[in-house]
> 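The following block contains the structure, expressed as structure tokens.
Letters A, B, ... are given to chains in the order of the sequence lines, protein chains preceding strands, and every chain is numbered from 1.
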Amino acid sequence: MYGLVDCNNFYASCERVFRPDLEGKPVAVLSNNDGCIIARSQEVKDLGVPMGAPMFKWKDTIEQQGIAVFSANSSLYGDLSSRVMNVLKDNCPTVEVYSIDEAFLDLSLIPRDQLGDYCAQLKSQVRKWTGIPVSIGVAPTKTLAKLANHIAKKNPKANGCWLLMGTEQKRLSSIEVGEVWGVGRRLSKRLNIAGINTVWQLSQMNKALARDMASVNMERTIRELNGEPCLALELTQQPRQRILVSRSFGHDVSSYNSLRAAIVTYATRAGEKLRKQDSHTQSISVFIHTNPFSDSAPQYKGSLEIPLDHPSNDPSVLANAASMGLKHIFKEGYSYKRGGVMLDQVLPKHVAQLCLFSARPEQHKLGGVLDAINAKMGSNAIRFAATDVGSEWQMNQNRRSPRYTTRWSDLKVVA
DNA sequence: TCTGGGGTCCTAGGACCC
DNA sequence: TCTGGGGTCCTAGGACCC
């Protein structure tokens, strides 16, 4: 049996942990630049505010309803996430951390008649030790466990836990097919056209037809809905094959030097991610574009991939390559709104295709030294001078809560 | 008139997830 | 005025190899 533990309205719940006065009140969390609403407490969902809603379109509702709005505080969410995961790992030997707010558990060792108590106890321990409310779904496959979790959240009688076997025709007939893990907006539409509207109908669909219609994934989904496990727990974290760092700018940027400051910052951040997973990259791509939402301003998108002679994770190599790429795609006279870098050919450090025509470069220690200093003195304590140019590109974050758990200066004071 | 039978690698595009 | 930021996997088609 698999369990899926999912934190309820995770970011909104994190904000409440140190602000218990917000319990029972509407809470929303914004994306970078305070642009969109990306997390909503139940009260906000009940008000009809959709996921991803642009903030400026909902200003009136926010004011009228007294919604507490926060800028994204990723250090807080990351820290509370690892606390939740640690409680799960204390209780269960086999845990797959699936995302910042979800984990699959292997519950095959728990006797069937004790599963209910086990989940209820786990749920209350997570709440008590971390302040985060969770829901737990249990089922013979991961796909069903996801669905069970959905029921645990929606059904008031569930008490936050639900067990699902996949044979419950009546219940599965009452859930829309789009709720199934792996069935997104497009597939839902196509399935609806084919007359498949509910989870139960999908579970009864012909597997070969499904494979034809979509891909082998949909066949797996159907098998999983019927209780046949096709997806195992993934217990070791695979290194990323692609690393992307991109941001919308706080304000439009038109000067080359400011743009370069942003791009070099992103390249540096990408390098940190690369070194953290002990990888290097064979190329770095740079892209910039203007604001696609603007009707009046002229539009431009530019991108370029810079191959490296040797795979590298050296910050100066990455920064130089990124600047060089930017120089080629930059065009005077546009207002840029967003830029980023992408490392597309990421390899483990011991795998390297060397260049026939040049010697293998010396391994520099710069990256490691930078990482060590920034770990000790605070991120960005040491950085490239080129990144200190201009400030238009810096992110707007006007409503961020304190980093209660990761900064001495932000510790909550009890008077 | 008739034209084999295997393969691999790469890329773009589409779909999904959080 | 103001619209997020990451990721993965699959398939088809083109190009190449013997």
Side-chain angles (χ1 to χ4, degrees), chain A residues 4-7 9-11 28-40 49-60 62 69-74 77-78 81 96-104 142-143 146 149-150 177-191 210-221 230-231 234 237-252 266 269-270 273 277 282-283 285 287 289-297 303 305 335 337-346 353 392 395-399:
Chain A
L4 175 65
V5 181
D6 190 318
C7 302
N9 317 319
F10 183 53
Y11 292 178
V29 177
L30 304 176
S31 63
N32 276 348
N33 278 320
D34 296 346
C36 294
I37 295 168
I38 53 162
R40 305 153 296 155
V49 181
M51 173 71 172
M55 160 79 172
F56 70 94
K57 289 189 182 171
W58 289 85
K59 247 182 183 147
D60 291 347
I62 289 167
V69 173
F70 293 92
S71 304
N73 186 347
S74 48
Y77 311 151
S81 169
E96 172 189 344
V97 177
Y98 176 67
S99 74
I100 192 163
D101 72 332
E102 278 175 74
F104 286 103
K142 285 172 127 183
T143 303
K146 277 277 219 181
N149 194 284
H150 171 79
V177 70
E179 297 295 342
V180 174
W181 191 35
V183 179
R185 259 202 314 269
R186 313 260 175 159
L187 266 181
S188 291
K189 221 178 208 169
R190 291 172 59 197
L191 286 167
R211 195 171 181 147
D212 239 31
M213 185 171 169
S215 71
V216 64
N217 287 329
M218 186 133 101
E219 177 175 349
R220 282 196 197 112
T221 297
C230 302
L231 304 166
E234 284 167 30
Q237 246 205 345
Q238 299 304 316
R240 300 278 180 227
Q241 300 171 33
R242 168 185 302 179
I243 288 170
L244 175 69
V245 178
S246 76
R247 298 276 182 280
S248 298
F249 305 136
H251 305 276
D252 285 358
Y266 305 154
R269 177 78 193 104
K273 291 187 182 184
Q277 64 168 33
Q282 299 214 85
S283 81
S285 302
F287 64 88
H289 60 76
T290 51
N291 186 352
F293 292 105
S294 167
D295 306 321
S296 48
S303 72
E305 181 179 1
S335 295
K337 184 59 186 168
R338 184 187 176 83
V341 304
M342 183 154 72
L343 313 179
D344 221 351
Q345 298 179 49
V346 173
Q353 175 61 59
E392 323 91 275
M395 219 159 44
N396 289 327
Q397 277 208 309
N398 298 321
R399 307 160 185 251

> In whole Å, I'd like the distance from the CG atom of A:Asn33 to the C1' atom of C:dT1.
13 Å
> Are A:Glu179 and A:Lys146 ion-paired here, with the side-chain N under 4.0 Å from a carboxylate O?
no
> C1' atom, C:dC17 versus B:dG4: distance in rounded Å?
15 Å
> Could you pick out which residue, A:Pro54 or A:Ser246, lies toward the 5' side of DNA chain C when each is mapped onto its nearest nucleotide?
A:Pro54
> Rounded to the Å, how far apart are A:Ile37 CD1 and C:dG5 C1'?
17 Å
> Test of understanding: with ring-ring contact (aromatic ring centres under 6.0 Å, His included), list the residues that count as partners of A:Trp58, not counting sequence neighbours.
none
> Over all strands shown, is A:Lys189 touching base, sugar-phosphate only, or nothing at heavy-atom distances under 4.0 angstrom?
nothing
> Rounded to whole angstrom units, what separation is found between the CZ atom of A:Arg338 and the P atom of C:dG4?
7 Å
> If the condition is side-chain contact (heavy atoms from CB on, under 4.5 Å), which residues does A:Lys142 pass it with, not counting sequence neighbours?
A:Tyr2, A:Glu96, A:Phe104, A:Trp181, A:Glu224, A:Leu231, A:Leu233
> Looking at A:Ser248, is its backbone amide N or carbonyl O close enough to the side chain of A:Asn33 to form a donor-acceptor pair, meaning the two atoms are under 3.5 Å apart?
yes
> Closer than 4.0 Å, any side-chain N/O of A:Ser248 to the OP1 or OP2 of C:dT3?
no
> Please enumerate all residues that pass side-chain contact (heavy atoms from CB on, under 4.5 Å) together with A:Ala270, with sequence neighbours excluded.
A:Ile243, A:Val245, A:Val341, A:Leu343
> Polar-atom pairs under 3.5 Å, protein N or O versus N or O of nucleotides 8-14 of chain C: list them with distances, or write none.
residue	atom	partner	partner atom	Å
C:dT8	OP1	A:Gln241	N	3.1

> Could you tell me how far apart A:Gln237 (CD) and C:dG7 (C1') are, to the nearest whole angstrom?
12 Å
> Roughly how many Å is it from CD in A:Gln397 to C1' in C:dC2, rounded to a whole number?
16 Å
> For A:Tyr266, what residues pass the ring-ring contact (aromatic ring centres under 6.0 Å, His included) criterion, not counting sequence neighbours?
none
> Between C:dT3 atom P and A:Arg247 atom CZ, what is the distance in whole Å?
15 Å
> So, using side chain to side chain donor-acceptor pair (under 3.5 Å) as the criterion, who are the partners of A:Gln237 when residues are at least two apart?
none
> In chain order, what residues pass the salt bridge (charged side-chain N to carboxylate O under 4.0 Å, His left out) check against A:Asp344, with sequence neighbours excluded?
A:Arg242
> Are side-chain heavy atoms of A:Arg399 and A:Val69 found at a separation under 4.5 Å?
yes
> My understanding is that only residues two or more places apart in sequence, or in another chain, count here; which of them pass ring-ring contact (aromatic ring centres under 6.0 Å, His included) with A:Phe70?
none
> What pairs with A:Gln397 under side-chain contact (heavy atoms from CB on, under 4.5 Å), at least two apart in sequence or on another chain?
A:Asn32, A:Ser71, A:Ala72, A:Met395, A:Arg400
> Among the nucleotides C:dG7, C:dG5, C:dC2, which one has an atom lying closest to any side-chain atom of A:Lys273?
C:dG7
> Distances under 3.5 Å between protein N/O atoms and the N/O atoms of nucleotides 15-18 of chain B, please, pair by pair.
residue	atom	partner	partner atom	Å
B:dA15	OP2	A:Arg186	NH1	3.2
B:dC16	OP1	A:Gly184	N	3.0
B:dC16	OP1	A:Gly184	O	3.3
B:dC16	OP1	A:Arg186	N	3.4
B:dC16	OP1	A:Leu187	N	2.6
B:dC16	OP2	A:Arg186	N	3.3
B:dC17	OP1	A:Gly182	N	3.1
B:dC18	OP1	A:Lys146	NZ	2.6
B:dC18	O3'	A:Asp101	OD1	3.2
B:dC18	O3'	A:Glu102	OE2	3.1

> Given the rule that a pair is Watson-Crick or G-U wobble with both distances under 3.5 Å, how would you write DNA chain C in dot-bracket, using | for pairs to a different strand?
....||||||||||||||
> Using side chain to side chain donor-acceptor pair (under 3.5 Å) as the criterion, list what pairs up with A:Thr290, not counting sequence neighbours.
A:Gln299
> If you pin A:Asn32 and A:Lys59 to their nearest nucleotides in DNA chain C, which one's is more 5'?
A:Lys59
> Calculate the interatomic distance between A:Tyr77 atom OH and C:dG6 atom P; express it in whole Å.
16 Å
